[in-house]
Amino acid sequence: MMFLQAERMFLGFVLCVSGALGAERSVCVLKGSSVSLTCFAENPAAPTSWHYLKENKTLRVIKEISPSVTYNITEDGTLTIRDVKKSDEYSFCCQKSGGECTENRTKLHVAELQVKVFPASEGQKVTLMCSSSCSLTESPAAFIWYQNGEFLYEDWSPWYQELVSSDQAVRYSCAIKGYEDLRAPDVSVDFINSDCFGVTYSNSEMCPEKLKSAEGPCSITYPREVRVEMLTETNYVTLTCNTSCPAADAHTAFTWNWNRKAFMDCTSQDIMLFKSDDYVSCAVKNNEYVHSDEICTKSGNVNYVSRSLCVLEGASVNISSKYTKEYPAISDLLLWYKIKRDMKEEADVTAMEAGGRVEHNMNKYEHTLTINNLMKNDSGEYMFTLNKYHMCEQPDLLGAILVVTGLKVTMTPSDVVTKGQKVTLTCSTSCPLSEETTYLWFFNEQPLSLSGGHNKQVVLNPVRSWHAGKYSCAIRTPQNISSTLEVLTVRDGVNTAIVAMNITKLVFLLLLPLVGCKLYLMLRKRKTATHTAKPSEKVETEEVTMSQHEIVPLTDRNPRPEREPKDRQQDIV
């Protein structure tokens with residue numbers, strides 16, 4: 001026990017010294033992109049050279065880097081590296097020739113974009129998120145999602161808009177706007193049940209070593225939940241990270257967190273610790289969203305009621321943490337804070353003090369943070385701590401993720417269509433809402449009655465001229481939150497048969513002076529055939545007129561309700 005305490009004191013001293021020196025900056029960029037590193041030498045105008053240091057071992061001049069790396073040094077000393085690779089994760093420094101390069105270093109981290117898949121809190125569905133292995137230095141302008149290689153949508157949020165069911169035929173990928181050629185490897189969801197879910201990755205690098213293949217995809221089975229079980233001895237405890245899916249245990253690697261920081265590089269399912277007041281938790285490696293509660297070897301557990309929340313802009317949210325040890329409701333040490341992750345050692349945090357839109361509700365075993373009248377910038381990661389003096393350290397453990405979303409009507413394939421097309425209206429959000437969400441639709445600012453229920457999508461098939469107008473959607477909440485108006489324009493279609501016939505006539509007329517009598521006779525025969533075809537046009541017009549009487553406009557002014565098309569899509573949440 002004394003050894004552990006001494007080790008912690010020494011570790012704290014090393015961290016303090018490292019932070020005080022401030023000797024190294026960190027940059028995180030996408031694999032395959034380019035990066036420019038600024039020269040931080042005391043006098044950049046003096047003759048300088050770039051060096052790199054890998055794993056604090058050997059300092060080398062930049063020209064010795066592998067020829068596969070494309071680099072360029074400008075007159076002002078800026079180093080540009082193109083087509084960055086994972087092997088380029090060096091510490092770089094710029095200084096006068098002959099220096100030791102011990103200060104003003106820049107650590108380059110190379111991130112690989114990937115689609116993270118983890119279980120949703122409700123139903124047998126999963127959630128998708130476009131994730132990078134480190135926090136990108138350049139904030140993404142938007143995230144783009146693809147389905148089976150085709151563009152799907154773009155949005156500011158990295159979360160996929162819907163909850164996903166298993167379907168091996170559907171592949172998902174994502175990219176960052178401006179870097180569309182650096183897409184994440186495709187992912188498909190093989191199966192989902194109450195204990196496990198299976199995922200296939202098109203790139204085997206996403207899988208554990210045991211499942212990697214030289215080429216092609218690989219599949220991995222994940223547990224839907226993990227939990228820490230403790231076996232107590234006299235002076236120590238044995239902790240086991242048990243899963244809900246025994247089929248996944250054989251190839252699952254684990255990560256352990258000690259007081260919310262990574263516990264060395266331990267990936268085993270069992271660890272042994274001395275008894276202490278420290279909090280320990282485990283997660284599935286490379287899928288940190290499959291995470292256990294925090295367990296204290298002396299005083300019990302701490303957990304979040306929900307680790308991911310999608311809430312409408314203007315509404316209220318309750319973010320709750322429960323613990324098994326009894327704490328006084330007036331404890332001054334209990335605290336919620338919002339954390340912004342970056343490449344720094346110290347966390348960029350904001351304490352969520354009560355007042356204004358923020359409320360706190362506490363009892364002996366639960367602490368709830370309430371934020372009212374939510375705004376987009378309330379989106380972020382929130383953490384609860386039993387000791388507010390620990391919040392300055394940036395944790396490796398994830399907290400509760402809140403995404404505040406608005407509502408928007410999207411029209412597919414476009415908001416300008418031709419009569420007879422199929423148009424799908426979707427009430428879109430930036431993250432998946434609850435499956436119990438009730439959607440309301442409005443046409444020209446009047447309620448729209450739908451026989452198919454309160455669906456997230458409305459299908460107009462075929463679209464008619466009276467469908468043109470202003471559409472909006474809302475979600476049934478106490479705040480009556482609704483989207484802005486979107487206009488659907490319906491244009492008259494062009495009769496391609498008549499156009500083709502007129503072109504044919506024109507061609508014949510142009511050729512008439514050059515062709516003899518025989519061609520003239522042939523032209524008369526064709527004109528005769530054209531006249532005989534006119535009655536069929538009359539039949540087609542009658543069929544259109546008849547179907548028009550069968551299709552009922554969407555407005556409530558028409559006494560008959562709209563007949564629901566056979567292929568109407570139901571709620572997709």
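Sequence positions, counted from 1, serve as the residue numbers for this chain. The basis for the numbers below is simple: all heavy atoms, side chains too, and nothing from hydrogens, waters or symmetry mates.
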Exercise for the section: Quick one: do V187 and R171 satisfy side chain to side chain contact (heavy atoms under 4.5 Å, CB included)? Show the steps, please. Expected result: CA-CA 5 Å; V187 166; R171 295 173 287 106; over 6 Å; no
Exercise for the section: Salt-bridge test for K86 and D88: reply yes if a basic N is under 4.0 Å from a carboxylate O, no otherwise. Expected result: no
Practice task
Report yes if the side chains of E229 and I295 come closer than 4.5 Å at any heavy-atom pair, otherwise no.
Solution key: no
Problem - Distance-only side-chain donor-acceptor flag, N193 / Q124, under 3.5 Å - result: no
Problem - Inter-residue atom distance L333.CG - L386.CG, 0.5 Å rounding - result: 8.5 Å
Problem - Expected output: side-chain S379 to main-chain V404 donor-acceptor under 3.5 Å - result: yes
Problem - is_close_aromatic(F197, F191), centroid dist under 6.0 Å - result: no
Practice task
Rounded to the nearest 0.5 Å, what's the gap from OG on S173 to CG on L152? Could you check?
Solution key: 11.0 Å
Handout entry: Plane angle bin for W336 and Y304 - parallel if under 30°, tilted between 30 and 60°, otherwise perpendicular
Key = tilted
Problem - Check: S91 main-chain N/O paired with H51 side-chain donor or acceptor under 3.5 Å - result: no
Practice task
With the side chain counted from C-beta on, respond yes when K107 and R25 share a heavy-atom pair under 4.5 Å apart, and no when they do not.
Solution key: no
Handout entry: K85 and K31, any side-chain heavy atoms less than 4.5 Å apart
Key = no
Problem - Any C174 side-chain heavy atom under 4.5 Å of I144 side chain - result: no
Completion exercise
In terms of heavy-atom contacts, C245 and D249 come closest through O-OD1, 3.4 Å
Handout entry: Centroid-centroid under 6.0 Å between W159 and F118 rings
Key = yes
Fill in the blank from the handout: ring pair (Phe, Tyr, Trp, His ring centres under 6.0 Å) with Y172: of Y201, Y160, W145, only one passes, and it is Y160
Problem - Salt-bridge contact E180-K177 (side-chain N to carboxylate O under 4.0 Å) - result: no
Practice task
Determine whether more than 12 heavy atoms belonging to other residues, nucleotides or ligands lie under 6.0 Å from atom NZ of K340.
Solution key: no
Practice task
Please assess N318 against T368 for the test side chain to side chain donor-acceptor pair (under 3.5 Å), listing each intermediate value before the final yes or no.
Solution key: CA-CA 6 Å; N318 293 323; T368 300; over 6 Å; no
Handout entry: Under 3.5 Å: donor-acceptor pair, side chain of E381, backbone of G399
Key = yes
Practice task
Output yes when D378 and R357 qualify as a salt bridge under the 4.0 Å nitrogen-oxygen rule, no when they do not.
Solution key: yes
Exercise for the section: Check whether any side-chain heavy atom of I81 lies under 4.5 Å from a side-chain heavy atom of S34, and answer yes or no. Expected result: no
Problem - Straight-line distance of L37 CG to T80 OG1, nearest 0.5 Å - result: 8.0 Å
Exercise for the section: Start with the C-alpha gap between N286 and T255, add the side-chain angles, then the distance that decides, and say whether side chain to side chain contact (heavy atoms under 4.5 Å, CB included) holds. Expected result: CA-CA 9 Å; N286 296 326; T255 59; over 6 Å; no
Practice task
Assess whether side chain to side chain contact (heavy atoms under 4.5 Å, CB included) is satisfied between L136 and L30, documenting all intermediate values.
Solution key: CA-CA 8 Å; L136 296 173; L30 279 178; 4.2 Å; yes
Fill in the blank from the handout: Smallest heavy-atom separation, H367 atom then L334 atom, equals CD2-CB, 4.0 Å
Handout entry: Main-chain N/O of F143 paired with D155 side-chain donor or acceptor, under 3.5 Å
Key = no
Exercise for the section: Specify the closest pair of heavy atoms between V164 and I192, including all atoms of both residues, with the distance to one decimal. Expected result: O-CD1, 3.7 Å
Exercise for the section: Test side chain to side chain donor-acceptor pair (under 3.5 Å) on S281 and S292 and set out the steps. Expected result: CA-CA 6 Å; S281 61; S292 75; 4.8 Å; no
Exercise for the section: For residues P185 and L113, report the shortest heavy-atom separation together with the two atoms involved. Expected result: CD-O, 3.4 Å
Exercise for the section: Walk me through it: do R183 and D181 pass the test salt bridge (Lys or Arg N to Asp or Glu O under 4.0 Å)? Expected result: CA-CA 6 Å; R183 296 186 194 180; D181 56 335; over 6 Å; no
Handout entry: E313 (side chain) donor-acceptor with M375 (main chain) under 3.5 angstrom
Key = no
Exercise for the section: Find the distance between CD (Q161) and CG (L128) and round it off to the nearest 0.5 Å. Expected result: 11.5 Å
Exercise for the section: Please check if the side chain of R307 supplies one atom and the backbone of L398 the other of a donor-acceptor pair under 3.5 Å. Expected result: yes
Handout entry: Option passing side-chain contact (heavy atoms from CB on, under 4.5 Å) with R260 (candidates T385, D278, D396)
Key = T385
Handout entry: Shortest non-hydrogen separation from A111 to S133 and the atoms involved
Key = CA-OG, 3.3 Å
Exercise for the section: Using a strict cut-off of less than 4.0 Å between a Lys/Arg side-chain nitrogen and an Asp/Glu carboxylate oxygen, indicate whether K116 and E288 qualify as a salt bridge. Expected result: yes
Problem - Donor-acceptor contact present, side-chain S166 to main-chain V189, <3.5 Å - result: no
Practice task
Ignoring hydrogens and angles, tell me if any N or O in the side chain of T252 forms a donor-acceptor pair with the backbone of A248 under 3.5 Å.
Solution key: yes
Handout entry: Pair Y179-E138, side chain to side chain donor-acceptor pair (under 3.5 Å): steps then yes or no
Key = CA-CA 12 Å; Y179 301 93; E138 179 185 354; 2.9 Å; yes
Problem - Y52 and F92 aromatic ring geometry - parallel, tilted or perpendicular at 30°/60° bounds - result: tilted
Handout entry: Exam field: side chain T232 to backbone V237, donor-acceptor pair closer than 3.5 Å
Key = no
Practice task
Report yes if some heavy atom in the side chain of V280 is under 4.5 Å from a heavy atom in the side chain of N257; otherwise report no.
Solution key: no
Handout entry: Derivation and outcome, side chain to side chain donor-acceptor pair (under 3.5 Å), residues K125 and S165
Key = CA-CA 5 Å; K125 293 181 180 291; S165 301; 2.8 Å; yes
Handout entry: Flag side-chain contact, heavy atom, 4.5 Å: D167 against S188
Key = no
Practice task
Can you measure from CE (M352) to OH (Y337) and round to the nearest 0.5 angstrom?
Solution key: 13.0 Å
Handout entry: Close side-chain approach of E294 to N303, heavy-atom, < 4.5 Å
Key = no
Handout entry: Test log, rule side chain to side chain contact (heavy atoms under 4.5 Å, CB included), inputs E353 and V358
Key = CA-CA 7 Å; E353 303 287 355; V358 178; over 6 Å; no
Completion exercise
Shortest non-hydrogen pair, V290 vs P119, comes out as CG2-CD, 3.9 Å
Practice task
Could you grab the distance from atom OG1 of T405 to atom CG of L309, nearest 0.5 Å is fine?
Solution key: 13.5 Å
Practice task
Please check if any side-chain donor atom of S36 sits under 3.5 Å from a side-chain acceptor atom of T78, or the reverse.
Solution key: no
Practice task
Check for a donor-acceptor pair, side chain of W256 on one end and backbone N or O of S268 on the other, with a separation under 3.5 Å.
Solution key: yes
